[in-house]
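Heads up, the thing below is written out as structure tokens.
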Amino acid sequence: MSSLLFDEPGPRARRRIRIATVVGTLAAVALAALAVRQFAANGQLGYERWQPYTTWPMWRYLLNGLGATALAAVVAAALSMGLGLLLALGRLSERRWVRGPAAAYVEVVRTIPALLLVYVVLFALPRYGLDLPLFWKLVVPLTVSNAAAFAEIFRAGILSVERGQREAGLAVGLTVGQTMRMILLPQAARRVLPSIVSQSVGLLKDTSLGFVVSYAELLYSGKVLATYNGLLIQTYIVVALVYLVVNASLSKLARVLDARTT
């Protein structure tokens, strides 16, 4: 249901997208080839520099970091979805005093980088006596940031449901709240599920900001490991590959869900 948030491209736009994709792919391949050549010239492709990553202790340490990343992502996703749904319902409310603050939150927070929110939680809040545990120093700013995006996804899904569905619910005696809960939300949830998964992929990548607060997620674990073994390039390539596999899998899930709901 990707058309909920933007218009479908026309023939010319699709042609430009294909050309841009081909050019971008060729450029990426050329850069990758150049990088491999430079690595080989500087001895970075030797087996002895990659051998440590064929051992279980190395992977166990990185997988622990991946587990911490997944935990932060799941908790932040659950909280931001809940808050995002409340914001979406607030923006659709007929009461101005509810609609105004919800709209202001979404519009303002969407313009603020998640990194800045991390700095606020890390440096500003402790000055006022609110020093959160390490885990929440990452989860809270991610929740605040992503709630605005989820709010727009849910709002678009609710608005995409045919107007007659709401009118039919009200006509059979349901209240506005019952109509929303029993008729509109279930249909909207199915329609926006692919978009929710796609946003969750972005949230998972944002957990790398745990690097700033020294939360032991995957990227921070890679930094510690590279400091310990001195294999900077090899370590960050392995970490990048782990991110690639996880995010590509979630993106594939989003495409499958999109195909099933269209």
Side-chain angles (χ1 to χ4, degrees), residues 4-5 62-91 101-126 128 130-158 185 188-189 192-224 239-240 242-254 257:
L4 280 177
L5 301 181
L62 289 177
L63 289 176
N64 286 337
L66 180 60
T69 291
L71 177 62
V74 169
V75 174
L79 294 176
S80 56
M81 285 182 197
L83 180 57
L85 180 58
L86 291 178
L87 290 169
L89 295 177
R91 292 204 67 177
Y105 178 98
V106 171
E107 296 301 327
V108 171
V109 172
R110 288 175 68 190
T111 65
I112 301 176
L115 179 59
L116 181 58
L117 295 175
V118 171
Y119 282 137
V120 169
V121 172
L122 183 61
F123 297 116
L125 294 187
Y128 297 95
L130 185 57
D131 192 6
L132 300 176
L134 191 61
F135 176 76
W136 294 104
K137 286 181 180 178
L138 175 62
V139 170
V140 168
L142 291 183
T143 298
V144 171
S145 178
N146 284 274
F150 280 116
E152 289 300 270
I153 291 174
F154 286 127
R155 187 170 74 98
I158 294 170
L185 283 181
V192 301
L193 188 56
S195 297
I196 290 175
V197 175
S198 296
Q199 181 63 30
S200 299
V201 172
L203 192 154
L204 179 66
K205 291 186 288 187
D206 285 344
T207 58
S208 61
L209 295 175
F211 182 94
V212 177
V213 300
S214 299
Y215 174 69
E217 44 77 44
L218 181 57
L219 184 60
Y220 185 80
S221 298
K223 174 198 172 185
V224 173
V239 169
V242 173
Y243 273 117
L244 177 64
V245 170
V246 173
N247 289 328
S249 300
L250 291 175
S251 297
K252 176 64 176 178
L253 175 62
L257 293 174

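Scope of the values below: all heavy atoms of this structure, side chains included, with no hydrogens, waters or symmetry mates.
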Practice task
Can you establish whether the number of heavy atoms outside F135 located under 6.0 Å from its atom CZ is more than 12?
Solution key: yes
Exercise for the section: Please report the C-alpha distance between L219 and Y243 in whole Å, then the side-chain angles of each, then the deciding distance to 0.1 Å, and finally whether the side chain to side chain contact (heavy atoms under 4.5 Å, CB included) criterion is met. Expected result: CA-CA 9 Å; L219 184 60; Y243 273 117; 3.9 Å; yes
Exercise for the section: Nearest 0.5 Å please: distance from the CG atom of L79 over to the CZ atom of F150. Expected result: 11.0 Å
Practice task
Indicate the atoms forming the closest heavy-atom contact of L138 with A72, along with that distance.
Solution key: CD2-CB, 4.0 Å
Practice task
Could you tell me which non-hydrogen atom of S214 sits nearest to which non-hydrogen atom of L134, and how far apart they are?
Solution key: O-CD2, 3.5 Å
Fill in the blank from the handout: One should read off an interatomic distance between L218 CG and N64 CG, to the nearest 0.5 angstrom, of 11.0 Å
Completion exercise
dist F154:CZ -> L89:CG (nearest 0.5 Å) comes out at 9.5 Å
Problem - For the student: nearest non-hydrogen atoms of V106 and A151, plus distance - result: CG2-CB, 4.0 Å
Practice task
Dump the intermediate steps for side chain to side chain contact (heavy atoms under 4.5 Å, CB included) on L85 and L185, then the final yes or no.
Solution key: CA-CA 10 Å; L85 180 58; L185 283 181; 3.9 Å; yes
Practice task
Would you name the heavy atoms of A102 and G90 that are closest together and state the gap between them?
Solution key: CB-C, 3.9 Å
Practice task
Calculate, to the nearest 0.5 Å, the distance between atoms CG and CG belonging to L122 and D131 respectively.
Solution key: 8.5 Å
Handout entry: Test item: S208 side-chain N/O and K205 main-chain N/O as donor-acceptor pair under 3.5 Å
Key = yes
Practice task
Taking the side chain as every heavy atom from C-beta outward, state whether V75 and W136 have any pair of such atoms under 4.5 Å apart.
Solution key: yes
Exercise for the section: Taking the side chain as every heavy atom from C-beta outward, state whether L250 and S200 have any pair of such atoms under 4.5 Å apart. Expected result: no
Fill in the blank from the handout: When rounded to the nearest 0.5 Å, the distance separating CG of L71 from CG of L66 is 11.5 Å
Handout entry: Non-hydrogen atoms of A216 and S221 that approach each other most closely
Key = O-OG, 3.5 Å
Practice task
Keeping the roles fixed (side chain from E217, backbone from Y220), state whether a donor-acceptor pair exists under 3.5 Å.
Solution key: yes
Problem - Side-chain (Y215) to main-chain (A68) donor-acceptor, under 3.5 angstrom - result: yes
Exercise for the section: Go through the structure and list residues passing salt bridge (charged side-chain N to carboxylate O under 4.0 Å, His left out) with R91, not counting sequence neighbours. Expected result: E107, E152
Problem - Rounded distance (nearest 0.5 Å) linking atom CG of L209 with atom NZ of K137 - result: 15.0 Å
Exercise for the section: Keeping the roles fixed (side chain from T143, backbone from V139), state whether a donor-acceptor pair exists under 3.5 Å. Expected result: yes
Handout entry: Over all atoms of both residues, closest heavy-atom pair of V239 and G222
Key = CG2-CA, 4.0 Å
